[in-house]
Amino acid sequence: MTALVTLEHCSLDEMVTYSYYATHSIERNSSSIGTTEGEELTVEESLYALLLESANECGNGLAEHVAGSVEAFADMMNEKALSLGATNTHFTNPHGLSDEEHYTTVYDMYLIMDAAVDYSLFNEIIGMDSYTTVYTQAGGTQKEITVNNSNYYLRGEAEIPSGITVLGGKTGTTSAAGSCLILLSRDSGSNPYISVILHAQSRDILYTQMTDLLEEINK
């Protein structure tokens with residue numbers, strides 16, 4: 001949803017300047033590319049980091065860039081969710097770290113993903129195995145970073161069922177949500193599918209369950 005709202009309201013070459021709050025308010029040891037206050041990335045670079053590396057500070061940075069604050073951006077996310085019919089979803093932040101008032105369902109995640117894949121850049125990003133860019137640090141020096149897709153299917157660490165092509169997806173893991181994955185794929189007839197697994201007990205179980213689900217496509 002963070003990517004979807006951003007793509008609806010921004011040009012990709014707009015510059016995102018990261019604030020102290022954006023870079024320091026996320027949970028310690030949570031997913032990050034290590035940006036700090038004053039550093040600048042484009043909207044496009046921030047989306048790559050958000051969707052491939054699950055960089056939580058990039059969610060915050062994009063939210064502040066689009067709406068002025070994380071809270072205002074969450075309101076935009078909730079408005080978009082309602083417009084898509086995702087009525088059992090409520091967002092409080094742009095990165096998905098745990099909050100009692102931040103929740104969704106499998107069906108609502110399908111609705112959000114179905115809207116996001118209308119954007120060619122979204123599809124491009126979620127289908128890449130890695131991305132490298134150079135951005136400007138606070139002191140004006142340049143820093144090169146590489147972000148990697150955590151999707152086991154695209155990394156060759158999970159076997160894709162026969163007849164299925166995995167086009168991309170988004171992983172997510174917190175202690176409350178467990179291991180989660182939403183996947184875009186197609187069958188041998190090029191028909192598209194969106195598949196969702198939430199709250200798996202481990203990453204290995206997540207991919208076992210997703211593979212079982214994908215195998216149902218060609219039955």
Side chains of [X] and [Y] only: does a donor on one sit below 3.5 Å from an acceptor on the other?
{"X": "T36", "Y": "Y20", "value": "no"}
{"X": "S25", "Y": "N60", "value": "yes"}
{"X": "E216", "Y": "Y193", "value": "no"}
{"X": "T23", "Y": "E37", "value": "no"}
{"X": "E57", "Y": "T35", "value": "yes"}

Would you mind reporting whether [Y] and [X] have side-chain heavy atoms less than 4.5 Å apart?
{"X": "L154", "Y": "V166", "answer": "yes"}
{"X": "I145", "Y": "T132", "answer": "no"}
{"X": "I197", "Y": "C180", "answer": "no"}
{"X": "L97", "Y": "S30", "answer": "yes"}
{"X": "T133", "Y": "E144", "answer": "no"}
{"X": "Y131", "Y": "I125", "answer": "no"}
{"X": "M1", "Y": "K80", "answer": "yes"}
{"X": "I205", "Y": "S179", "answer": "no"}

Between [X] and [Y], is there a donor-acceptor pair closer than 3.5 Å when you use the side chain of the first and the backbone of the second?
{"X": "H95", "Y": "S54", "value": "no"}
{"X": "S11", "Y": "D13", "value": "no"}
{"X": "D75", "Y": "E79", "value": "no"}
{"X": "N149", "Y": "I126", "value": "yes"}
{"X": "Q201", "Y": "G178", "value": "no"}
{"X": "E14", "Y": "T42", "value": "no"}
{"X": "T2", "Y": "P94", "value": "yes"}
{"X": "N56", "Y": "S31", "value": "yes"}
{"X": "H9", "Y": "V5", "value": "yes"}
{"X": "T211", "Y": "T208", "value": "no"}

Stepwise side chain to side chain donor-acceptor pair (under 3.5 Å) test for Y48 and E124: CA-CA 10 Å; Y48 273 96; E124 177 183 326; 2.8 Å; yes
Residues E39, K143; criterion salt bridge (Lys or Arg N to Asp or Glu O under 4.0 Å); working and verdict: CA-CA 10 Å; E39 293 187 337; K143 179 181 179 181; 5.6 Å; no
S150 and K170: CA distance, side-chain angles, deciding distance, side chain to side chain donor-acceptor pair (under 3.5 Å) verdict: CA-CA 8 Å; S150 57; K170 180 71 185 76; 5.6 Å; no
Please check if [X] and [Y] belong to a single hydrophobic cluster, counting links between Ile, Leu, Val, Met, Phe, Trp and Tyr side chain heavy atoms closer than 4.5 Å.
{"X": "L84", "Y": "I194", "answer": "yes"}
{"X": "I164", "Y": "I182", "answer": "no"}
{"X": "L183", "Y": "I217", "answer": "yes"}
{"X": "V16", "Y": "V70", "answer": "no"}
{"X": "L198", "Y": "Y153", "answer": "no"}

From CA spacing to verdict: side-chain contact (heavy atoms from CB on, under 4.5 Å), S185, L214: CA-CA 9 Å; S185 64; L214 292 175; 3.8 Å; yes
Which atom of [X] lies closest to which atom of [Y], heavy atoms considered:
{"X": "S98", "Y": "T174", "answer": "OG-OG1, 3.6 Å"}
{"X": "L213", "Y": "S195", "answer": "CD2-CB, 3.8 Å"}
{"X": "N148", "Y": "E53", "answer": "N-OE1, 3.1 Å"}
{"X": "C58", "Y": "I33", "answer": "SG-CD1, 3.8 Å"}
{"X": "E101", "Y": "H90", "answer": "O-ND1, 2.6 Å"}
{"X": "T89", "Y": "A81", "answer": "CG2-CB, 4.4 Å"}

Audit row: N191, R186, side-chain contact (heavy atoms from CB on, under 4.5 Å) steps and yes/no: CA-CA 5 Å; N191 299 300; R186 63 174 179 238; 6.0 Å; no
is_close_aromatic(F73, F91), centroid dist under 6.0 Å: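 Not under 6.0 Å, so no.
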Over 12 foreign heavy atoms within 6.0 Å of CD, E100: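 No, CD of E100 has 12 or fewer neighbouring heavy atoms, counting only those of other groups under 6.0 Å.
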Over 12 foreign heavy atoms within 6.0 Å of OH, Y119: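 Yes, OH of Y119 has more than 12 neighbouring heavy atoms, counting only those of other groups under 6.0 Å.
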Check against side-chain contact (heavy atoms from CB on, under 4.5 Å), E44 and L121: CA-CA 9 Å; E44 183 173 10; L121 180 66; 3.9 Å; yes
Stepwise side chain to side chain donor-acceptor pair (under 3.5 Å) check, T146 with S130: CA-CA 7 Å; T146 297; S130 66; over 6 Å; no
Y207 and Y152 aromatic ring geometry - parallel, tilted or perpendicular at 30°/60° bounds: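 Aromatic pair Y152/Y207 classed parallel.
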Stepwise side chain to side chain donor-acceptor pair (under 3.5 Å) test for E64 and S69: CA-CA 4 Å; E64 292 181 339; S69 70; over 6 Å; no
Rounded distance [0.5 Å steps], OG1 in T92 versus OH in Y103: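 Between atom OG1 of T92 and atom OH of Y103 there are 10.0 Å.
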Steps toward side-chain contact (heavy atoms from CB on, under 4.5 Å) verdict (N123, L167): CA-CA 8 Å; N123 291 310; L167 303 174; over 6 Å; no
